[in-house]
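Only one structure is covered here, and it is reproduced in the block below.
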Amino acid sequence: MGCISYVNGRYLPHRRALVHVEDRGYQFADGVYEVFAVANGHPVDEAEHLQRLERSLGALQIAWPMAPAALQLVMREVISRNRIDRFGILYLQVTRGVAARNHAFPRAARSSLVITARRLPPPEPAAARLGVRVITLPDQRWKRCDIKSIGLAANVLGKQAALDAGASEAWMVDDAGLITEGTTSNAWIVTKGGELITRQPDAAILSGITRHAVLALAREHAVRFVERPFSVGEAKAAAEAFLTSTTALVKPVVAIDGTPVGSGGVGPFTERLLDLYLQHLNQAGS
Ligand code: PDD
């Protein structure tokens, strides 16, 4: 059975799930999105994702396509129609709607809502533990990276540059030489003194939901952390590094621009936080 997607009021086979050419998402990237993990058939950290969606919509002055409670019902229906009883990913996008092309807000457009979902094998701890390499490059994005905007051209270029360099992710660097975040993830280091560091959630980064969950786990398990920017030099000299996102979970970073991080393997802090995060995922819906 193929995937079923939701488009503006209708559940459609994925190949027929289409939006109009004058949707403002297509014309102007005038929209926002969320990516949820689904575990045990339930969206993980649903309330946090919906709060972030509310902030993104508010920042762009886009109306909710429907009341949040109704949206939760539609999400559940998409999960169920795609038979995601164990693990998967749900993508949700809201744009300012369909209107004749004109930069100014349209008077009468209704927000467009698209939801797609995919069933995936549950994360396997041994595979989750495999480390990745990152490169660094200048952050070329706009000044509101806290909004989960669908305008992702700079992120796309950065991700491709990483892949072309034989790495998995690019950590972007601001004009002061400080790392902001990855193209699709948040960036973390552990100093040789055992302190966990990740940038504070300001307009230079997306406030990741996985980041939030990992900080809550660190707090709960008395892991010392500080939210502050760190430089490329500090990252290369760190004992451990990792990245977080809904899709990558807690991913060990074993090299930065070809320089091994710490021993060049997966460090104990990262492994512990990954284990705690996997437990957090498995608790979804309970
Ligand atoms: N990316 N920073 C950026 C730029 C991101 O695109 C993402 C997520 C994150 C991590 O956020 P979270 O922990 O809420 O997933 C940080 C998603 C997964 C994507 O675009 O596919």
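First listed ligand is number 1; within each ligand, the first listed atom is number 1.
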inquiry  = Parallel, tilted or perpendicular, judged at 30° and 60°: which one describes the rings of F36 and H49?
reply    =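 The arrangement is tilted - the two ring planes meet at 30° to 60°.
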F225 six-ring centre to R219 NZ/CZ under 6.0 Å and within 45° of normal =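 No, R219 and F225 do not form such a contact.
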key: Distance under 6.0 Å and angle within 45° of ring axis: R119 vs F87   =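 So R119 doesn't make the cation-pi contact.
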ask   = Among side-chain atoms of D30 and T95, is any donor-acceptor pair under 3.5 angstrom?
value =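 On atom types as modelled, these side chains do not qualify, holding no pair under 3.5 Å.
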key: Electrostatic pair K143:D202 at N-O distance under 4.0 angstrom   =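 So K143 does not pair with D202 through a salt bridge.
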task = Search all heavy atoms of T180 against all heavy atoms of D139 and return the closest pair with its distance.
result =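 Taking every non-hydrogen atom into account, OG1-OD2, 2.7 Å.
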ask   = So which residues, sorted by chain and number, lie with a heavy atom under 4.0 Å of ligand 1?
value =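 Only Y33, V35, R52, K148, N155, E181, G182, T183, T184, S185, N186, L206, G208, I209, T210, T244, S245, T246, T247 have heavy atoms that fall under 4.0 Å of ligand 1, ordered by chain and number.
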